[in-house]
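What you see below is based on every heavy atom in this structure, not just the backbone, and it leaves out hydrogens, waters and symmetry mates.
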Amino acid sequence: MTRELELTGSSISAGAGDESMSVDLFSLTKNFPRTLELFRQIVLTPMLDADKLEVEKKKVVASIQRRNDEPRQITGREFKRMIYGPNSPWGRRMEITTVQGVTRRDLLEFHRRYFHPGSVMLAVSGAIGEASLKATLEQALGASVWPAGAADLPAVDSDLPSTERLVYLVPKDNIQQSAVRIGHLGVERHHPEFFKLKMLDEILGGGFASRLFRNVRSRKGLAYSVGSGF
């Protein structure tokens with residue numbers, strides 16, 4: 001499959017974050033139907049090779065072993081645990097024992113439970129007409145190929161830690177830098193003022209032209225990196 005994609009100037013990639021997963025396709029228009037067929041195979045019947053899984057697990061374990069090398073990584077990780085709690089999906093952290101315990105069967109079960117057409121969004125952009133696109137997608141991913149259904153999503157615990165003031169210190173010796181993070185929970189993402197607050201965050205510390213960056217780094221030279229996040 002990889003060789004075929006290279007020869008046709010196509011690519012298929014996949015990625016996952018804390019809240020979503022995605023599979024992306026890029027192809028010349030003339031090769032789109034065939035590339036979409038390969039895309040369908042990956043989405044609906046992934047191989048999930050056990051040997052490759054072991055390679056990826058070793059990479060993750062190596063990253064866990066290095067995760068305390070850089071103070072900003074430490075503060076970012078521990079700040080999430082403080083804000084959301086250690087049992088929240090946003091506050092959990094990977095450990096070597098849990099990573100090593102993942103099996104191919106776990107991945108197959110994850111795919112069976114969560115990969116359903118009722119739980120996905122499909123976005124397409126390119127040099128292809130709407131009618132032709134719909135016909136091609138129906139043939140590759142329609143109900144006869146991918147039966148309707150929705151993911152069995154687990155409930156998320158809404159209990160959050162106490163909001164009392166506290167200072168959480170993670171000592172680290174033999175380094176020349178420190179990282180400081182201060183903050184608290186924001187509003188829910190469907191709050192009517194959400195995008196106004198995002199704009200406020202951009203002005204405060206969202207880039208090189210932000211107030212924090214211009215004042216703390218450019219004018220006073222007090223820190224190499226400074227910013228805000230909402």
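Between Val102 and Leu107 there is a side-chain heavy-atom pair separated by less than 4.5 Å. Here the side chains of Leu212 and Leu204 are in contact, with some heavy-atom distance below 4.5 Å. Between Asn31 and Glu4, every side-chain heavy-atom pair lies at or beyond the 4.5 Å cut-off. For the pair Gln73/Asn68, no side-chain contact is recorded, criterion being any heavy-atom separation below 4.5 Å from C-beta on. The shortest side-chain heavy-atom distance between Ile96 and Gln65 falls under the 4.5 Å cut-off. In this structure, the side chains of Arg67 and Ile64 come closer than 4.5 Å at one or more pairs of heavy atoms. At least one side-chain heavy atom of Phe39 sits under 4.5 Å from a side-chain heavy atom of Leu141. Looking at Leu44 and Arg40, their side chains come closer than 4.5 Å, going by heavy atoms from C-beta outward.
The distance from atom CZ of Arg189 to atom CZ of Phe195, rounded to the nearest 0.5 Å, is 10.5 Å. To the nearest 0.5 Å, the span separating CG on Asp18 from OG on Ser88 amounts to 9.0 Å. To the nearest 0.5 angstrom, Ile182 atom CD1 is 13.0 Å from Thr75 atom OG1. Taking CG of Leu36 as the reference point, atom CD of Gln41 lies at 10.5 Å (rounded to 0.5 Å). Atom CD of Glu54 sits about 13.0 Å away from atom NZ of Lys59, to the nearest 0.5 Å. Within the model, atoms CD of Glu78 and CD1 of Ile83 stand 12.5 Å from one another, a figure rounded to the nearest 0.5 Å.
Under the 30°/60° scheme for interplanar angles, the aromatic rings of Phe110 and Tyr114 are found to be tilted.
Of all heavy-atom pairs spanning Arg92 and Pro86, the tightest one is CG-O, 3.4 Å. The minimum heavy-atom distance linking Asp51 with Asp49 is given by the pair N-OD2, 2.9 Å. Taking both residues in full, the closest heavy atoms of Pro71 and Ile175 are given as CG-CD1, 4.1 Å, listed atom of the first, atom of the second, then distance. A pairwise comparison of heavy atoms in Ala151 and Ser119 identifies N-OG, 2.6 Å as the closest pair. Of all non-hydrogen atoms in His116 and Trp146, the two that sit nearest each other are C-CZ2, 3.7 Å. Across every non-hydrogen atom of Pro46 and Val43, the tightest pair is CD-O, 4.0 Å.
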For Lys198 and Glu202, what are the C-alpha separation, side-chain angles and deciding distance, and is it a salt bridge (charged side-chain N to carboxylate O under 4.0 Å, His left out)? CA-CA 6 Å; Lys198 290 288 286 185; Glu202 186 70 20; over 6 Å; no
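Linking Ile, Leu, Val, Met, Phe, Trp and Tyr whenever their side-chain heavy atoms come within less than 4.5 Å puts Leu137 and Phe115 in one cluster. Taken together through direct or relayed side-chain contacts under 4.5 Å among Ile, Leu, Val, Met, Phe, Trp and Tyr, Leu25 and Val23 form part of one hydrophobic cluster. Side-chain heavy atoms closer than 4.5 Å link hydrophobic residues (I, L, V, M, F, W, Y) into clusters, and following such links, possibly through other members, connects Phe79 to Leu185. When hydrophobic clusters are built by joining Ile, Leu, Val, Met, Phe, Trp and Tyr residues whose side-chain heavy atoms come closer than 4.5 Å, directly or via intermediates, Leu133 is not grouped with Leu28. Taking hydrophobic clusters as Ile, Leu, Val, Met, Phe, Trp and Tyr residues chained together by side-chain heavy-atom distances below 4.5 Å, Val145 shares a cluster with Leu122.
Counting only distance, with no hydrogens or angles, the side chain of Ser27 and the backbone of Ser10 share no donor-acceptor pair below 3.5 Å. A donor-acceptor distance shorter than 3.5 angstrom exists from the side chain of His191 to the backbone of Glu193, with no hydrogens or angles considered. Side chain of Thr8 to backbone of Leu5: a donor-acceptor contact under 3.5 angstrom is found. A side-chain donor-acceptor contact under 3.5 Å links Arg217 to the backbone of Tyr224. In this structure, Thr98 contributes its side chain and Met94 its backbone to no donor-acceptor pair below 3.5 Å. Side-chain atoms of Glu188 do not come within 3.5 Å of backbone N or O of His190 as any donor-acceptor pair. When atom types are taken as modelled, the side chain of Arg104 and the backbone of Leu48 share a donor-acceptor pair closer than 3.5 angstrom. The closest donor-acceptor contact from the side chain of Arg113 to the backbone of Asp152 lies under 3.5 Å. Not a single donor-acceptor pair under 3.5 Å links the side chain of Lys80 to the backbone N or O of Arg93. For Arg214 (side chain) and Ala209 (main-chain N/O), a donor-acceptor pair under 3.5 Å exists by modelled atom type.
Under 4.0 Å is where a charged nitrogen must lie from a carboxylate oxygen, and between Glu109 and Arg105 no such pair does. Comment: Arg34 does not engage Glu37 in a salt bridge, judged by the lack of any side-chain N to carboxylate O separation of less than 4.0 angstrom. Ionic pairing of Lys172 and Glu70 is not present here: no N-O contact between side-chain nitrogen and carboxylate oxygen is shorter than 4.0 angstrom.
Within 6.0 Å of CD on Glu95 lie more than 12 heavy atoms contributed by other residues, nucleotides or ligands. Environment of CD in Glu130: sparse, with no more than 12 heavy atoms of neighbouring residues, nucleotides or ligands closer than 6.0 Å. More than 12 heavy atoms of other residues, nucleotides or ligands shown are found within 6.0 angstrom of CE on Met1.
Aromatic pair Phe194/Phe230: ring centres closer than 6.0 Å.
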